Each structure stands twice: as structure tokens, then as C-alpha cells.
Colleague: 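Shown below is the structure under consideration.
Please read these numbers as outputs of a predicted model, since none were measured by experiment. Throughout, residue positions are numbered sequentially from 1 according to the sequence presented.
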Amino acid sequence: MNITSTQPDVHIVIFSPTDLCDKGVVSKICVTCNNGVIVHLTKEALFTLRDKINKLYPPVESYEPELGLPEEPKEPGYYATQQNLLLIKDSETDWHMTVWHMHWKDGSSYTNDWGIVCETLGDEAFPLTKLNTGKEH
């Protein structure tokens with residue numbers, strides 16, 4: 001059995017049928033029409049194979065990089081970016097840009113996804129400044 005990596009988070013297990021069948025690990029191996037492989041394993045053999053792969057490649061808690069997003073303001077109201085772009089956070093936690101022709105990175109006019117807000121505005125937009133308008137919108 002040979003284990004290789006094609007990308008940082010993609011691993012390929014290459015084996016010949018004799019790697020498993022001759023050792024009594026599997027009872028049946030099928031090759032599909034798309035050259036995929038279906039291996040029929042007992043529960044114990046499946047756990048053993050999983051444990052061997054986990055030993056070679058310990059599971060990672062998350063494949064997603066730490067985003068380190070700025071903290072999202074909790075209060076609804078008007079906010080200004082460091083470039084003086086006016087944003088509105090409504091009472092339902094949706095964010096909206098006041099410039100009519102601008103949209104969030106996902107193409108929407110409103111978003112409740114703080115990650116989309118941060119990605120669209122970029123690091124240079126933070127920290128946001130809460131504006132005191134004398135009353136909430």
C-alpha cells in the first residue's frame with residue numbers, strides 16, 4: 001500500500017488487491033466502470049485501516065485557515081469604515097452598503113454573513129466606527 005498527497009488536504013491510497021486480499025483483510029474488491037474501487041471490509045478491518053491512515057496522517061481539526069476576522073459590532077446602526085464608506089447594520093443583523101451600486105462579494109445587497117462583510121471590505125476597512133445619529137434607524 002502506498003499513500004501519496006496530491007494537494008495539502010488530499011491524500012490518495014494506492015494498493016494492489018493482493019495488499020489486502022492475501023492478508024485476509026477484505027473479502028471482495030470491485031473496480032467500477034469509472035475506475036473507482038469499492039472495498040468490502042468488516043467493521044474491524046475498516047477501523048484498522050482508518051487507524052493506520054490516521055497514524056500516517058493525523059486528523060486535522062479544521063482544513064480552513066484561521067480567518068482572524070475582526071469582531072462584529074453587536075448593535076444595529078450606522079458604521080463607517082476607515083475609508084469612510086457608510087454601512088448599515090439593521091436590527092436583524094443584516095449588513096448593507098449605502099452606495100447603491102456596490103454589492104457584497106457574493107453579489108447580494110444585504111448579508112448577515114460577517115465573513116462576507118470582512119472579505120468584501122478588506123483588512124484596511126477595520127476597525128469600524130459606530131456613528132451617533134441621535135436616533136437609531
Colleague: Is there a donor-acceptor pair under 3.5 Å between the side chain of Trp104 and the backbone N or O of Trp95?
Modeller: yes

Colleague: So with a 6.0 Å cut-off around CG of Asp51, is the heavy-atom count from everything else above 12?
Modeller: yes

Colleague: Which heavy atom in Ser108 sits nearest to a heavy atom in Tyr110, and how many Å separate them?
Modeller: OG-O, 2.9 Å

Colleague: With rounding to the nearest 0.5 angstrom, report the CG to OH distance, Leu131 to Tyr79.
Modeller: 9.0 Å

Colleague: When you measure from the side chain of Thr98 to the backbone N and O of Leu86, does any donor-acceptor pair fall under 3.5 Å?
Modeller: yes

Colleague: Hey, are the side chains of Asp90 and His96 touching, using non-hydrogen atoms and a 4.5 Å cut-off?
Modeller: no

Colleague: Got more than 12 heavy atoms from elsewhere within 6.0 Å of CD, Glu71?
Modeller: no

Colleague: If you measure only the distance, is there a donor-acceptor pair under 3.5 Å linking the side chains of Asp113 and Thr111?
Modeller: no

Colleague: Examine distances only and state if a side-chain atom of Gln83 and a backbone atom of Leu121 form a donor-acceptor pair shorter than 3.5 Å.
Modeller: no

Colleague: Between Met102 and Leu85, is a side-chain contact (heavy atoms from CB on, under 4.5 Å) present by the stated rule, with each step listed?
Modeller: CA-CA 11 Å; Met102 293 185 71; Leu85 176 65; 4.2 Å; yes

Colleague: Do Pro70 and Pro127 come within less than 4.5 Å of each other through their side chains, counting heavy atoms only?
Modeller: no

Colleague: Indicate the atoms forming the closest heavy-atom contact of Lys130 with Pro76, along with that distance.
Modeller: NZ-O, 3.4 Å

Colleague: Please report the shortest heavy-atom distance between Thr120 and Lys105, naming the atom on each side.
Modeller: OG1-N, 2.8 Å

Colleague: What pair of heavy atoms forms the shortest contact from Ala125 to Leu128, and how long is it?
Modeller: O-CD2, 3.8 Å

